[in-house]
Amino acid sequence: MAVHPNEALFGGEKPFPLIPTCEHFAGSEKLILKALSLQDSIGPVFDITCDCEDGAASGQEREHAEMIARVLTSDANKHNMAGARIHDYTHPAWKQDIDILVAGAGNVLSYITIPKCTDISQAQEMIAYLQKMATFSGVERVIPVHILIETHGALHQVHDIAKLPWLQVLDFGLMDFVSAHNGAIPASAMRSPGQFEHRLLARAKTEVTSAALGNGVVPAHNVTLDLKNVETTFSDASRARNEFGFMRMWSIYPTQIQAIVDAMKPNFDEVVDAANILLTAQAADWGPIQYAGELHDRATYRYFWEILQKAKLTGVGISEEATAAFFS
């Protein structure tokens, strides 16, 4: 019987998280429902982040969190690919957000995003509270945590933050990070090419991706402010992926979604090679093989297996034989 790559290649080690390359933010009920409808129409190639932090009007925090829980447990959430950003540690509503979201939608909530931590102790306390509420609510699954790195303190401790339990993603928050520099970084660096070329921002982005990838966590890139220029979004996503190693990016406008997915999806020729190499390896019981004059073994098989899974997530065509062997 053919052995599946997950069984042959990892041997109990936790595989790297394989999640969509695009994360689309939506604040209001109208925009969340619109995003869920779009997710259904173009396919489950992006996640949706329902925003409690910027989406909720002051004084309406409870009602907003309850709305998100209600929508995520409704028939509109067909793919169960939606999470929520809660309020930051200094806001009095952050525990209430977790209480409502975990009790109301803990079994379908894709992740919880924690913003604006200035110290690792804040992230630790918030994750511990999330774990406690999950247990209290009878939620037996791990609810993945995403943490925004957008303050001096968080960047200074980013390698320790990347080791926290339940962590799946480190997000880089560009605008708040620039603002934290008290004018030392110009406003032009909130856009391209400055956001990639200013020394302080290039360093920060490199630190985030290094910490994330070194701890088996996905690094996610900040938004593109130019909402309607698809070429700009595509270029930003390409630079983030190819120059800095980001494997996910935020979207704040529907037309940005496909541009991000297209920029970050695997190259088709590499997907074809990955499928052929893995099929040959499986037939050889995962021993060393030759393919196109090159030697391949388990080290390269792991790489190509991740490529093939990313192709599946981003809608890149995979051969029928490979689909039957690895995804049936």
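The structure presented is a predicted model; accordingly, all values stated were derived computationally and were not measured.
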Any salt bridge linking Lys265 with Asp262? Criterion: basic side-chain nitrogen under 4.0 Å from a carboxylate oxygen. yes
Would Asp119 and Ser121 count as a side-chain hydrogen bond (donor to acceptor under 3.5 Å, both in side chains) if you check the C-alpha gap in whole Å, the side-chain angles of each, and the deciding distance to 0.1 Å? CA-CA 5 Å; Asp119 189 86; Ser121 62; 2.7 Å; yes
Non-hydrogen side-chain atoms of Phe177 and Leu201 separated by less than 4.5 Å: yes
Between Ile318 and Leu308, does the side-chain contact (heavy atoms from CB on, under 4.5 Å) criterion hold? Intermediate values first, please. CA-CA 8 Å; Ile318 300 172; Leu308 208 60; 4.2 Å; yes
Go through the side-chain N and O atoms of His159 and Glu207 and say whether any donor and acceptor fall under 3.5 Å apart. yes
Taking every non-hydrogen atom, the tightest pair across Ser251 and Ile260: CB-CD1, 3.8 Å
Phe244 backbone acceptor or donor facing His221 side chain under 3.5 Å: no
Is there side-chain contact between Gln309 and Leu313, with heavy atoms separated by less than 4.5 Å? no
Of all heavy-atom pairs linking Leu101 and Ala69, the shortest is CD2-N, 4.3 Å
His156, NE2: over 12 other non-hydrogen atoms inside 6.0 angstrom: no
Between Asp176 and Lys116, is there a salt bridge with N-O shorter than 4.0 Å? yes
So which residues get pulled into Leu31's cluster when ILVMFWY side chains under 4.5 Å apart are joined, directly or through others? none
Roughly how far apart are Met126 CE and Ile86 CD1, rounded to 0.5 Å? 4.0 Å
How many angstroms lie between CZ in Arg302 and OG1 in Thr300, if you round to the nearest 0.5 Å? 11.0 Å
Between Phe46 and His79, does the ring-ring contact (aromatic ring centres under 6.0 Å, His included) criterion hold? Intermediate values first, please. CA-CA 10 Å; Phe46 67 97; His79 299 287; 9.2 Å; no
Under the salt bridge (Lys or Arg N to Asp or Glu O under 4.0 Å) test, residues paired with Asp273 that sit two or more places apart: none
Please tell me whether Met81 and Ile68 are part of a single hydrophobic cluster in this structure, the criterion being side-chain heavy atoms less than 4.5 Å apart. no
Find out if a path of hydrophobic residues (ILVMFWY) with successive side-chain heavy-atom gaps under 4.5 Å connects Tyr111 to Trp250. no
Determine, step by step, whether His296 and Gln290 satisfy the side-chain hydrogen bond (donor to acceptor under 3.5 Å, both in side chains) criterion, reporting the C-alpha distance in whole Å, the side-chain angles of both residues, the deciding distance to 0.1 Å, and the verdict. CA-CA 6 Å; His296 291 280; Gln290 285 192 44; over 6 Å; no
Can you confirm whether the side chains of Thr118 and Gln122 place a donor and an acceptor under 3.5 Å from each other? yes
Rounded distance (nearest 0.5 Å) linking atom OG1 of Thr255 with atom CG of Leu38: 10.0 Å
Step-by-step side-chain contact (heavy atoms from CB on, under 4.5 Å) determination, Met175 to Glu150: CA-CA 8 Å; Met175 270 68 80; Glu150 52 188 340; over 6 Å; no
Show, in sequence, the C-alpha distance, side-chain angles and deciding distance for Phe326 and Gln282, and conclude whether the side-chain contact (heavy atoms from CB on, under 4.5 Å) test is met. CA-CA 10 Å; Phe326 306 126; Gln282 188 182 57; 3.7 Å; yes
Got Val45 and Pro20 here, is their nearest side-chain heavy-atom distance under 4.5 Å? no
Starting from Val218, walk the hydrophobic network (Ile, Leu, Val, Met, Phe, Trp, Tyr; side-chain heavy atoms closer than 4.5 Å) and list everyone else you reach, by chain and number. Phe16, Ile19, Val169, Leu213, Met247
I'd like to know whether Asp236 forms a side-chain hydrogen bond (donor to acceptor under 3.5 Å, both in side chains) with Ser192, so could you lay out the CA-CA distance, the side-chain angles of the two residues, the decisive distance to 0.1 Å, and finally the verdict. CA-CA 7 Å; Asp236 285 353; Ser192 295; 2.4 Å; yes
Gap between atom CZ of Phe246 and atom OG1 of Thr21 - 0.5 Å precision: 14.0 Å
Rounded distance (nearest 0.5 Å) linking atom CG of Leu109 with atom CG of Asn80: 10.0 Å
Is it the case that Gln256 and Lys228 place a side-chain donor and acceptor less than 3.5 Å from each other? no
Output, in order, the C-alpha distance, side-chain angles, deciding distance and verdict of side-chain hydrogen bond (donor to acceptor under 3.5 Å, both in side chains) for Tyr89 and Glu125. CA-CA 9 Å; Tyr89 182 82; Glu125 183 178 337; 2.7 Å; yes
Run the numbers on Trp305 and Leu278 for side-chain contact (heavy atoms from CB on, under 4.5 Å), then give the verdict. CA-CA 7 Å; Trp305 175 228; Leu278 292 171; 3.9 Å; yes
So, for Ala162 and Ala211, which heavy atoms are closest and what is the spacing to 0.1 Å? CB-O, 3.5 Å
Near Phe268 CZ, under 6.0 Å, is it more than 12 heavy atoms from other residues, nucleotides or ligands? no
Heavy-atom count around Arg141 CZ within 6.0 Å, excluding the residue itself: above 12? yes
Could you tell me whether the side chains of Glu61 and His87 share a donor-acceptor contact shorter than 3.5 Å? no
Answer yes when Arg248 and Asp47 have at least one side-chain N-carboxylate O distance shorter than 4.0 Å, and no when they do not. yes
Look up atom CG in Leu9 and atom CD in Glu306, then write down how far apart they are to the nearest 0.5 Å. 10.0 Å
Does any donor atom in the side chain of Gln124 or Tyr129 lie under 3.5 Å from an acceptor atom in the other side chain? no
With the 4.5 Å side-chain cut-off for hydrophobic clustering, are Met133 and Ile100 part of the same group? no
Report, as yes or no, whether the 6.0 Å neighbourhood of atom NZ on Lys163 holds more than 12 heavy atoms from other residues, nucleotides or ligands. yes
Considering non-hydrogen atoms only, spot the tightest contact between Ala65 and Asp97 and give its length. CB-OD1, 4.1 Å
Do Met249 and Met264 have side chains that get closer than 4.5 Å, going by heavy atoms? yes
Using side-chain heavy atoms (C-beta onward) and a distance below 4.5 Å, is Leu18 in contact with Lys312? no
Would the number of heavy atoms belonging to other residues, nucleotides or ligands and lying under 6.0 Å from CD of Glu321 be above 12? no
